[in-house]
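All remarks here apply to the structure that follows.
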2 protein chains.
Amino acid sequence: MTEKKHRIPDVVIRRLPVYLRYLQQLMSYDVDTVSSQQMGHDLNLNPAQIRKDLSIFGDFGVKGMGYRVSELADKLSKILGLDKEIPIVLVGVGNLGAALCRYNRYQKSATKIVGLFDGHPAKIGQVHGSLEVRPMEELVDFVRQNNIKMAIITVPAAAAQSVCDALVAAGVKAILNFAPVLLNVPEGVRVQNSDVTVELQALAYYL
Amino acid sequence: MTEKKHRIPDVVIRRLPVYLRYLQQLMSYDVDTVSSQQMGHDLNLNPAQIRKDLSIFGDFGVKGMGYRVSELADKLSKILGLDKEIPIVLVGVGNLGAALCRYNRYQKSATKIVGLFDGHPAKIGQVHGSLEVRPMEELVDFVRQNNIKMAIITVPAAAAQSVCDALVAAGVKAILNFAPVLLNVPEGVRVQNSDVTVELQALAYYL
DNA sequence: TAGATTGTTAATCGATTAACAATC
DNA sequence: TAGATTGTTAATCGATTAACAATC
C-alpha cells in the first residue's frame, strides 16, 4: 500500500458501472466466473484494459480461472460507493425530471431520489410516486437536514446556475446536470453533463 | 487538399456542438468576434486545443483578431450537417420518450423528431405535440419512405436490440440509445449511448 | 503436470499543450 | 509599425494494447 496513489483516470471510473451492470447480468444467468477475455468480447473492450482497470483496485482475479462474478460485483459496488443507499434530490420537475423520477423508482439501485423541488408554484404539491414536489425555498434546508451529497438538475438553462449555487451551498458534492449550460462550481464539486442536443448534433456529423 | 485525410477523432467531433452552442450564445449578445483565448476561458478548454480542432476543418480565424462569431457558427453547422433539417424517429414513447419529444419541439434545432413509434397497443394514436404514436409495424416503411437516417431508442432494455435491428434494416445510420444495453450494429452504423444509471453510478465514486 | 488466465511491464498509440513563426 | 492572435510544429502527457512471467 504505497502512500502516493496515482490518481485514477475518470475514463476508468466511468467504465466501472459498465462492468458492474454486465456482472449483474451474468449473475442473473447463474454464471459463476468470467475471464477478461470473455468480458472484453461481450463489452467490446480490450481484455488487457479490463484487467488493468480492475487491478488498480486490487487483485480480484484468480490466475488460470478468471474472476468470480458475484465477488467482483461486490467489490465494484463498494469501490463506487454503491453498497449503501445514496440519497438524491432532483430539481426541476418538468417532463424530463418526472421521467427520471419514475425511472428511478423502478430500478433497484443504490442511487435513490428522495426529494423533488421546483420553482414553479403550480407544481408544488404534485405527487410523483411517493414524493411530493416541494418549493425551492425548502431546498437548502432539506439537503442539509438529510445530508444529501448528490443532485440532479433538470431546470431550464436560465435557472441552472442559481440552482447549482444553492445545492453547492447546502453541501452537494456531485451533480448530474441536464441543463444545456456549463455550470460553475468550486473545487471539490463534481459535475457530469448530460445533453441530448449535443449528442444528437455530434451524431449528425457521422451521417 | 491532400487525399489521405487523417481520421478526425470522435473527441473532436463531440466538442464541435459545444463550440456551436457557445457561438450562438455570443451571437445573441451581438458579439462579433472571439479569440481562442476567450473561448477557452469560457468553455474551460485549452485555447490551443480549440485552434487545433477548428484548423482541422479550415482556416476559419483571422490572425491578430480571432474568429468571426457568426461565420464560424455557420461553418460548424455545415460541418456537423446541421444546415439542413435532420428528420428523426423516436421509438418508445414512455415517460422519457415523451419528454424528449416535447423538449425537441421547443428547440429550434436542425434535428427534428418526425415520427413516434411504440409497441404497446394502448399507446398507439396518442398525440404528442403534432405527432401521433404509430404502431411498430409501420416503423420500417416509415423510415424508408421518409429517408430517415437517425433514430432515438427509448424502449425498455429487453426490446432495444430488436428495435435497433429494424431501424438498421430500414436504413438508419445513427442511433441515440437510452436503453441500458450494448447494441449490436453492423459496420457503418453509429450508436451513441446515454445512460443515466451509469452516469449516476460513476458520480457516486467521487463522493 | 498442462492449460488457462491473471497482474504488470514495456511498447505503442493518440490526444493535449506549449511555443513560435506567420501575418492581420 | 506595434500588438494580437492565428495555424502548426514539436514536446509532453496519458491512455491503450501487446506480451509474458507468475501461478492457479
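Order of the sequence lines fixes the chain letters, A, B, ..., with proteins taken first and strands second; residue numbering starts at 1 for each chain. Just so it is clear, the structure is predicted and the values come from calculations on it, not from any experiment.
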Outermost contacting nts on DNA chain D, any atom under 4.0 Å from chain B heavy atoms, listed 5' then 3', are D:dA4 to D:dT9

What residues 22-33 of chain B contributes to the DNA chain D interface at heavy-atom separation below 4.0 Å is none

In numerical order, the residues of residues 40-59 of chain B whose heavy atoms come under 4.0 Å of DNA chain C are B:N46, B:A48, B:Q49, B:R51, B:K52

The salt bridge (charged side-chain N to carboxylate O under 4.0 Å, His left out) partners of A:E85 (sequence neighbours excluded) come to none

The complete set of side-chain hydrogen bond (donor to acceptor under 3.5 Å, both in side chains) pairs with one or both residues in residues 150-176 of chain A, sequence neighbours excluded, reads A:Q161-A:D165

Residues at least two apart in sequence or cross-chain that pass side chain to side chain contact (heavy atoms under 4.5 Å, CB included) with B:V31, listed by chain then number, are B:L26, B:Y29, B:V69

Residue set satisfying ring pair (Phe, Tyr, Trp, His ring centres under 6.0 Å) with B:F60, at least two apart, ordered chain then number -> none

Pairs under 3.5 Å (Watson-Crick or G-U), crossing ones as [ ], inter-strand ones as |: DNA chain D comes out as ..||||||||||||||||||||||

Contacts of B:R14 meeting salt bridge (charged side-chain N to carboxylate O under 4.0 Å, His left out) (sequence neighbours excluded), chain-then-number -> A:E199

Sorted by chain and residue number, the salt bridge (charged side-chain N to carboxylate O under 4.0 Å, His left out) partners of A:R144 (sequence neighbours excluded) come out as none

Exercise for review: Could you tell me whether the side chain of B:L43 reaches within less than 4.5 Å of the side chain of B:Y19, counting heavy atoms only?
Suggested key: yes

Residue set satisfying salt bridge (charged side-chain N to carboxylate O under 4.0 Å, His left out) with A:K123, at least two apart, ordered chain then number -> A:D118

Comparing nearest nucleotides in DNA chain D, the 5'-proximal residue of the pair A:G64, A:P9 is A:P9

Contacts of B:S109 meeting side-chain hydrogen bond (donor to acceptor under 3.5 Å, both in side chains) (sequence neighbours excluded), chain-then-number -> B:T111

